[in-house]
Amino acid sequence: VQLEESGGGLVQPGGSLTLSCAASGRTFRTYAMGWYRQAAGKEREFVAAISWGGGSSHYADFVKGRFTISRDNAKNTVYLQMNSLKPEDTAVYYCAADRNLPQIVGGESDYWGQGTQVTVSS
């Protein structure tokens, strides 16, 4: 599975962005998908994950109520809608895929994208 993120950029505090992750391969719908982020000088952290069918999702506490993960299996794409962005959300955001949803939530995934930069600043 190859993953490619897009949609990052510069946004003001309180603004919104939607990240997309396009996956290659016909087996996309068999993978759970997740988003992670890594801020400068910090370790990578889990942000959100969604099951292969989209019926189950998990979020880190610091994004609950602000971010929403979704997927479109017909388009081989997973999304991360980010609202009410804060400067502390500034990071490189990575898309990940794994057949095991708990593994993604636990911080490990088999496949990773290259990342897209999100900067929240006035």
Side-chain angles (χ1 to χ4, degrees):
V1 177
Q2 291 185 318
L3 306 172
E4 183 173 1
E5 304 93 338
S6 62
L10 174 65
V11 62
Q12 292 187 340
S16 298
L17 274 179
T18 299
L19 304 182
S20 299
C21 173
S24 64
R26 293 177 292 179
T27 60
F28 172 77
R29 63 186 64 213
T30 68
Y31 283 85
M33 301 295 296
W35 288 95
Y36 297 81
R37 69 186 188 186
Q38 187 168 20
K42 296 186 177 181
E43 293 187 352
R44 184 183 67 205
E45 59 186 358
F46 167 76
V47 175
I50 190 167
S51 60
W52 64 269
S56 178
S57 58
H58 299 267
Y59 296 92
D61 286 344
F62 55 79
V63 302
K64 283 182 179 177
R66 300 190 299 125
F67 292 10
T68 303
I69 188 170
S70 62
R71 66 188 295 161
D72 185 338
N73 286 344
K75 296 182 178 180
N76 279 15
T77 302
V78 63
Y79 305 96
L80 186 68
Q81 172 69 44
M82 306 185 294
N83 298 326
S84 302
L85 283 162
K86 306 174 182 179
E88 52 264 43
D89 293 319
T90 295
V92 178
Y93 283 71
Y94 297 92
C95 175
D98 197 281
R99 285 204 160 98
N100 189 313
L101 179 61
Q103 186 154 295
I104 294 181
V105 176
E108 298 293 332
S109 295
D110 284 342
Y111 301 97
W112 295 87
Q114 294 299 307
T116 185
Q117 176 70 46
V118 172
T119 302
V120 184
S121 175
S122 55

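Source: prediction; values computed, not measured.
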Atom of Leu3, atom of Ala97 and distance for their closest heavy-atom approach: CD1-N, 3.8 Å
Got a sec, which pairs hit disulfide bond (SG atoms under 2.5 Å apart) with one end in residues 53-122, sequence neighbours left out? Cys21-Cys95
Run the salt bridge (charged side-chain N to carboxylate O under 4.0 Å, His left out) check on Asp89 and Lys86 step by step: do they pass? CA-CA 5 Å; Asp89 293 319; Lys86 306 174 182 179; over 6 Å; no
Could you tell me whether Glu108 atom CD has more than 12 heavy atoms of other residues or ligands within 6.0 Å of it? no
Specify the closest pair of heavy atoms between Phe28 and Val78, including all atoms of both residues, with the distance to one decimal. CZ-N, 4.2 Å
What class does the angle between the rings of Tyr36 and Phe46 fall in, given that below 30° is parallel, 30 to 60° is tilted and above 60° is perpendicular? perpendicular
Crowded around Gln2 CD? As in, over 12 foreign heavy atoms under 6.0 Å? no
If you compare all heavy atoms of Pro13 against all heavy atoms of Ser121, which two are closest, and at what distance to 0.1 Å? CD-C, 3.6 Å
State, with a plain yes or no, whether a side-chain heavy atom of Trp35 is found less than 4.5 Å away from one of Ile104. no
For the backbone of Val120 and the side chain of Thr90, can you confirm whether one donor and one acceptor N or O come within less than 3.5 Å of each other? yes
For Leu17 and Leu85 the tightest heavy-atom approach is N-CD1, 3.9 Å
Measuring from Arg37:CZ to Arg44:CZ, what's the distance to the nearest 0.5 Å? 13.5 Å
Can you tell me how the ring of Trp112 sits relative to the ring of Tyr94, calling it parallel under 30°, perpendicular over 60° and tilted otherwise? perpendicular
Nearest non-hydrogen partners of Val47 and Tyr93, listed with the distance: CG2-CE2, 4.4 Å
Taking the side chain as every heavy atom from C-beta outward, state whether Val11 and Met82 have any pair of such atoms under 4.5 Å apart. no
Tell me if a side-chain donor or acceptor on Asn83 pairs with a main-chain N or O of Ser16 at a distance below 3.5 Å. no
Does the side chain of Gln81 pick up a donor-acceptor pair with the side chain of Thr18 at under 3.5 Å? yes
